[in-house]
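Encoded as structure tokens, the structure appears first; notes follow it.
Any value given below was found using the heavy atoms of this structure, including those in side chains, with hydrogens, waters and symmetry copies removed. Here is how names work: the chains are called A, B, and so on, in the same order as the sequence lines, proteins then strands, and each is numbered from 1.
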Amino acid sequence: MALKKLGNQTVKFQNPPSIIATASIVGPVEGQGPLKDYFDLILSDFNFQEKTWEKAEKRMLKEAAEMAIKKSGVPGNQIEYFVAGDLLNQIISASFAARELGIPFLGIYGACSTMAEGLGLGAMLVDGGYADYLVVGTSSHFCSAERQYRFPLELGNQRPPTAQRTVTGAGAAVISSKNQNPRITYMTTGKVIDMGEVNPNDMGTAMAPAAVDTIVKHLEDSNRSPEDYDLIITGDLASVGKDIVERLLKEKGIDISDRYTDCGLLIYSPQQDVHAGGSGCACAAVVTLGYLFKEMQKGRYNRILVVATGALLSTTSVQQGETIPCIAHAVALENL
Amino acid sequence: MMDYIMAFIIGGIICAVGQILMDFTPLTPAHVLVLFVTLGAVLSGLGLYQPLVDIAGAGATVPLPGFGHTLVKGVIDEVNKYGLLGVLTGGLRSAAAGITAAVVFGYLMALIFNPKPK
Amino acid sequence: MSKFSQEQKEYQEFVKRIRPKPPYLQNMVMAFLVGGLICAIGQGILNFYVFLGLERTKEAAGATSATLVFLGAFLTGLGVYDEIGKRAGAGSIVPITGFANSIVAPAMEFKSEGYVFGVAAKMFVVAGPVLVYGITSSVIIGFIYYLLKL
């Protein structure tokens with residue numbers, strides 16, 4: 001009998017693990033956005049003094065992890081796991097960062113939902129008694145993602161209004177069994193949902209039903225209502241997907257619109273040329289660990305449901321005409 | 001002056017048709033280019049593209065259907081001169097300047113410049 | 001038989017109604033204007049080569065293509081062509097300058113994978129299919145023409 005399980009998909013942590021320190025690094029475009037003052041480091045260019053964008057992404061993730069560990073005050077050799085993933089094939093940013101960090105590594109992949117998956121799994125490891133300190137992290141890079149999933153940067157293509165911009169950045173958090181706020185109290189693991197969307201230039205529409213499914217399951221399993229949260233925030237649905245989530249939930253009789261927003265909308269200002277908004281692993285990561293974490297420490301928010309969304313497609317699956325499978329994981333962050 | 005106006009109008013219309021295909025169908029830019037070059041070749045084979053070139057000049061030769069037309073025109077010329085072998089030699093011979101320029105300038109530019117993320 | 005379930009079909013209908021549309025008219029006008037302008041510039045280059053004494057349909061036409069390809073490649077290298085393309089769409093994709101852009105853009109970007117499998121192989125990601133279909137269709141058409149002539 002699973003003692004800490006509620007319903008089919010939700011875990012309630014017995015001794016909610018705490019997030020004792022976070023770090024966020026972003027690229028130059030995110031560094032001009034409205035959340036710029038919340039980030040620990042803003043890069044002046046896309047290369048971060050590295051030769052390739054892939055190396056730059058790996059370095060962001062590595063430095064974010066190191067920065068979070070340093071801020072936590074925990075000696076490096078006491079960090080027991082590095083739980084991380086990213087968007088690049090074979091999650092090379094995470095595993096190559098792990099090569100340099102020298103911390104036992106668990107690689108995970110949830111596309112842009114990786115941050116929530118990492119926080120949830122990290123909290124399970126700690127609450128399960130398998131670790132006292134671990135670091136979770138994820139990264140994405142506009143240039144490395146564009147070249148893997150879409151087109152070369154200098155190709156003169158037009159983007160539709162539903163397109164999103166991959167956030168350049170990395171976020172990391174140290175999770176611990178210490179008795180300290182904010183904490184991770186619940187995790188709802190999402191199912192893979194595919195509504196038959198095929199357009200890789202419209203991820204918000206593809207991923208919105210997965211977010212809806214996970215939010216509904218979370219509220220059911222935890223026996224909570226939207227009013228129990230100060231804020232419900234999805235990972236990277238941007239303007240198009242956020243609108244769909246609100247409408248679909250209203251159809252089910254759940255109104256979250258007065259306390260709902262999306263990381264992809266917060267990270268850029270409307271004046272920036274980013275179409276529907278932000279996306280990528282780093283989108284949910286830097287907004288949650290940079291902005292929301294600091295606002296929770298200040299006490300502006302005390303209960304947040306972070307629902308990070310991911311599109312589990314590959315370039316091969318798109319070319320073979322496959323529809324886009326999507327996922328959303330929810331983690332509840334609370335000041336107890 | 002008239003030749004500039006005709007080039008502008010016909011060239012503009014061909015591009016606008018491409019835009020409509022991209023906006024209203026799931027075709028990507030690469031699909032549109034492939035479609036246009038093939039379409040240009042077919043129209044040229046049917047004898048319909050040369051009249052457009054006569055009217056529009058660069059307005060018909062600069063857009064990609066013009067590339068298909070150049071290939072077919074070269075093939076037909078050489079079939080007339082050398083028979084069956086012309087089927088294989090004519091196309092590339094007539095399009096040689098464009099293709100070679102694309103390969104060589106493309107390569108050189110790639111060596112000199114680097115992409116600029118924005 | 002559709003491969004989609006009822007639920008999926010309903011969702012697709014629903015999102016079709018609310019999905020933001022591209023600015024169709026603006027896109028079309030911009031494609032017309034920029035595409036037309038590139039062709040008019042091509043006409044100017046063609047006239048210039050004819051003025052220099054090149055034969056119009058073969059020599060001057062070839063020289064014009066080569067010149068436009070150079071300009072497209074150069075503007076791509078400078079990082080200007082994608083800025084034009086953002087606004088002009090097909091207006092800068094369909095002319096031969098766009099063909100040059102489709103060669104230089106991936107070649108430049110994949111330099112990090114080396115000069116053989118990076119630059120040289122990736123040059124033809126878009127241009128390759130254009131050459132394959134262009135050349136193949138011209139050969140088929142030429143062969144039919146040959147048979148009809150017999």
Evaluate whether atom CD of Glu113(C) has more than 12 neighbouring non-hydrogen atoms of other residues, nucleotides or ligands under 6.0 angstrom away.
yes
Within the structure provided, determine whether Gln19(B) and Val34(C) are in side-chain contact (heavy-atom separation under 4.5 Å).
no
With a 4.5 Å heavy-atom cut-off, do Tyr133(C) and Phe36(B) have their side chains touching?
no
Can you say whether Ile99(B) sits under 4.5 Å from chain C via the side chain, the backbone, both, or neither, judging by heavy atoms?
side chain
Has Lys116(B) got a side-chain atom pairing as donor or acceptor with Val80(C)'s backbone, closer than 3.5 angstrom?
no
Using atom types as modelled and distance alone, determine if a side-chain donor or acceptor of Lys58(C) lies under 3.5 Å from a backbone N or O of Ser94(B).
no
Side-chain contact, heavy-atom cut-off 4.5 Å: Ile14(B) with Val94(C)?
yes
In Å and rounded to the nearest 0.5 Å, what is the CE to CD distance from Met1(B) to Gln43(C)?
10.5 Å
Just so I know, are the side chains of Leu71(C) and Phe105(B) near enough to count as touching, which here means a heavy-atom distance under 4.5 Å?
no
Go through the atoms of Val17(B) and report whether side chain, backbone, both or neither lie under 4.5 Å from a heavy atom of chain C.
neither
Which region of Val139(C), side chain (C-beta onward) or backbone (N, CA, C, O), has a non-hydrogen atom less than 4.5 Å from a non-hydrogen atom of chain B, or is it both or neither?
both
Taking side chain as C-beta onward, heavy atoms only, is Asn27(C) less than 4.5 Å from Met22(B)?
no
For the student: nearest non-hydrogen atoms of Phe32(C) and Ile13(B), plus distance
CD1-N, 3.5 Å
Is it the case that atom CZ in Phe74(C) sees more than 12 heavy atoms from other parts of the structure closer than 6.0 Å?
no
Just wondering, do Leu85(B) and Tyr146(C) contact through their side chains at under 4.5 Å, heavy atoms?
no
Roughly how far apart are Asn114(B) CG and Glu109(C) CD, rounded to 0.5 Å?
10.5 Å
Proximal component of Leu84(B), with respect to chain C [non-hydrogen, under 4.5 Å]:
both
Within-4.5 Å side-chain heavy-atom neighbours: Val79(B) and Lys149(C):
yes
Under 4.5 Å from any heavy atom of chain B, what part of Ile103(C) do you find: side chain, backbone, both or neither?
side chain
Do Val62(B) and Ile38(C) have side-chain heavy atoms sitting under 4.5 Å apart?
yes
What is the minimum heavy-atom distance between Cys15(B) and Ala31(C), and which atoms define it?
CB-O, 3.6 Å
What one should report as the nearest heavy-atom pair of Leu64(B) and Val130(C) is CD1-CG1, 3.5 Å
Heavy-atom pair count under 4.5 Å with chain B, highest-scoring of Ala61(C), Gly35(C), Ser138(C), Gly142(C)
Ser138(C)
Please rank Tyr24(C), Tyr115(C), Phe143(C) by heavy-atom pairs under 4.5 Å with chain B and give me the top one.
Tyr24(C)
What's the separation between atom OG1 in Thr61(B) and atom CD1 in Ile96(C), rounded to the nearest 0.5 Å?
8.5 Å
When every non-hydrogen atom of Gly11(B) is compared with those of Cys39(C), the smallest separation belongs to CA-SG, 3.5 Å
Between CG of Leu46(C) and OH of Tyr4(B), what distance do you get to the nearest 0.5 Å?
9.0 Å
Can you tell me how far apart CG (Leu88(B)) and CD1 (Ile135(C)) are? Round to the nearest 0.5 Å.
11.0 Å
Working to the nearest 0.5 angstrom, can you tell me the gap between Asp23(B) CG and Met28(C) CE?
10.0 Å
